[in-house]
Amino acid sequence: SQQGEEDPQALSIQEGENATMNCSYKTSINNLQWYRQNSGRGLVHLILIRSNEREKHSGRLRVTLDTSKKSSSLLITASRAADTASYFCATDGFTTPGSARQLTFGSGTQLTVLP
Amino acid sequence: NAGVTQTPKFQVLKTGQSMTLQCAQDMNHNSMYWYRQDPGMGLRLIYYSASEGTTDKGEVPNGYNVSRLNKREFSLRLESAAPSQTSVYFCASSERWRGGASYQPQHFGDGTRLSIL
C-alpha cells in the first residue's frame, strides 16, 4: 500500500515560477524524504526532513512538514526547464540500528517547466 | 563513478520464461533493495537485504526471489514470468542505519524495463 500520496499528479509552469508539490501520508514517520526522477533514469535523493523539524532549505528547495496533518510540501523556487521531472515523497518508518531503512514511496508529481 | 549498475536495461520475455536481473554497487554499502515501478503507483519494495547474507521480503515479494551474492551484488530472479510482472525494476543501495540522527539516502540505478508478453 502507498504511504505517501502526492498532489497534484501533474503540474505545468513557466520557467521562473515557483512549483509547489504536496505529500500526505498515513502513519507515524521517522523522517520524510523527497526524490527526483528524470525521464528514463533512477531516483535521486533531494532532501530529508526529520519528524521533529518543521522546515528545511537546500538551495532552491524548501520542504515543510506538518506531523499533525501528516503532510509535507516541496517548494521549488525560480524553476528552470532542467527541473522538469517526477518528484516523489518517501516516508521512513521507525526501525532498529543496523537494519535496512525501508522507504515507502508516493505515486509522484510530474512537473513540467516550460521555457 | 558508476554508483549502482543494473543489467540488462531492457528485456522482453514470454510468459513462463525465467530471468535474473543483476545489480551491483561500488559504494561499499551494506544495504540493497529491489523495487518495481508501475504507472501511477510509485515504487514498491519487492525484497531488500540489510547486509551481506540476509534478505527479507518487502511489500510485493510474490513471484520473485533474490540472492545477495556478496556485498556488491544483489540479484532478482523471476522464475516463471507473468504479464503482471511487466514493470520497471530499480535496484538501490544505502549504508546501514547506525542509529541516532545519522542518515544515508538510497542511491538508485537507472532501472531495467521488463515486458512480459
Side-chain angles (χ1 to χ4, degrees), chain A residues 1-10 21 23-27 29-53 56 58 63 85-110, chain B residues 2-6 9-10 23 25 29-60 66 68 74 88-113:
Chain A
S1 61
Q2 299 296 113
Q3 164 75 310
E5 295 296 331
E6 280 92 341
D7 171 56
Q9 290 187 337
M21 288 158 271
C23 169
S24 60
Y25 57 92
K26 298 174 184 175
T27 61
I29 61 171
N30 189 31
N31 61 61
L32 186 145
Q33 306 167 53
W34 287 89
Y35 283 77
R36 183 189 74 229
Q37 183 181 33
N38 290 91
S39 181
R41 304 298 300 273
L43 278 70
V44 175
H45 182 262
L46 294 176
I47 193 167
L48 176 149
I49 186 165
R50 300 186 190 285
S51 59
N52 61 354
E53 297 176 316
K56 198 161 185 179
S58 177
V63 172
S86 292
Y87 292 82
F88 295 88
C89 67
T91 53
D92 189 347
F94 297 95
T95 186
T96 55
S99 301
R101 305 202 77 107
Q102 297 183 54
L103 297 180
T104 304
F105 287 85
S107 53
T109 292
Q110 172 61 51
Chain B
V4 178
T5 302
Q6 293 184 236
K9 294 188 185 305
F10 302 92
C23 175
Q25 51 92 9
H29 286 162
N30 282 298
S31 301
M32 298 185 73
Y33 312 80
W34 276 106
Y35 294 91
R36 60 178 288 172
Q37 184 177 33
D38 301 299
M41 294 288 292
L43 275 74
R44 291 182 291 170
L45 183 64
I46 304 171
Y47 271 94
Y48 66 98
S49 171
S51 61
E52 187 178 355
T54 69
T55 61
D56 286 286
K57 296 178 180 180
E59 180 185 354
V60 288
V66 291
R68 184 73 183 267
F74 188 38
V88 182
Y89 291 86
F90 288 97
C91 177
S93 71
S94 71
E95 190 45 83
R96 192 186 313 179
W97 184 46
R98 302 186 187 284
S102 68
Y103 181 79
Q104 295 78 28
Q106 292 189 14
H107 298 259
F108 285 80
D110 283 338
T112 294
R113 283 143 188 82

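Here is how names work: the chains are called A, B, and so on, in the same order as the sequence lines, proteins then strands, and each is numbered from 1. Side chains included, hydrogens not; waters and symmetry mates left out as well; all remaining heavy atoms used.
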| note | Those residues at least two apart in sequence (or on a different chain) that pass salt bridge (Lys or Arg N to Asp or Glu O under 4.0 Å) with B:D38 are B:R36, B:R44
| Where the side chain of B:D110 meets the backbone of A:R41, is there a donor-acceptor pair that is under 3.5 Å apart? | no
| message | If we count only N and O atoms by modelled type, under 3.5 Å, do the side chains of A:Q37 and B:Q37 hold a donor and an acceptor together? | response | yes
| field | Any residue meeting salt bridge (Lys or Arg N to Asp or Glu O under 4.0 Å) with B:R113, in chain and number order, not counting sequence neighbours | value | none
| query | Is A:Q9 atom CD crowded by more than 12 heavy atoms from other residues, nucleotides or ligands, each under 6.0 Å away? | reply | no
| Rounded to the nearest 0.5 Å, how far apart are OG1 of A:T104 and CG of B:L43? | 11.0 Å
| remark: Nearest heavy-atom contact between B:Y35 and A:L103 is OH-CB, 4.0 Å
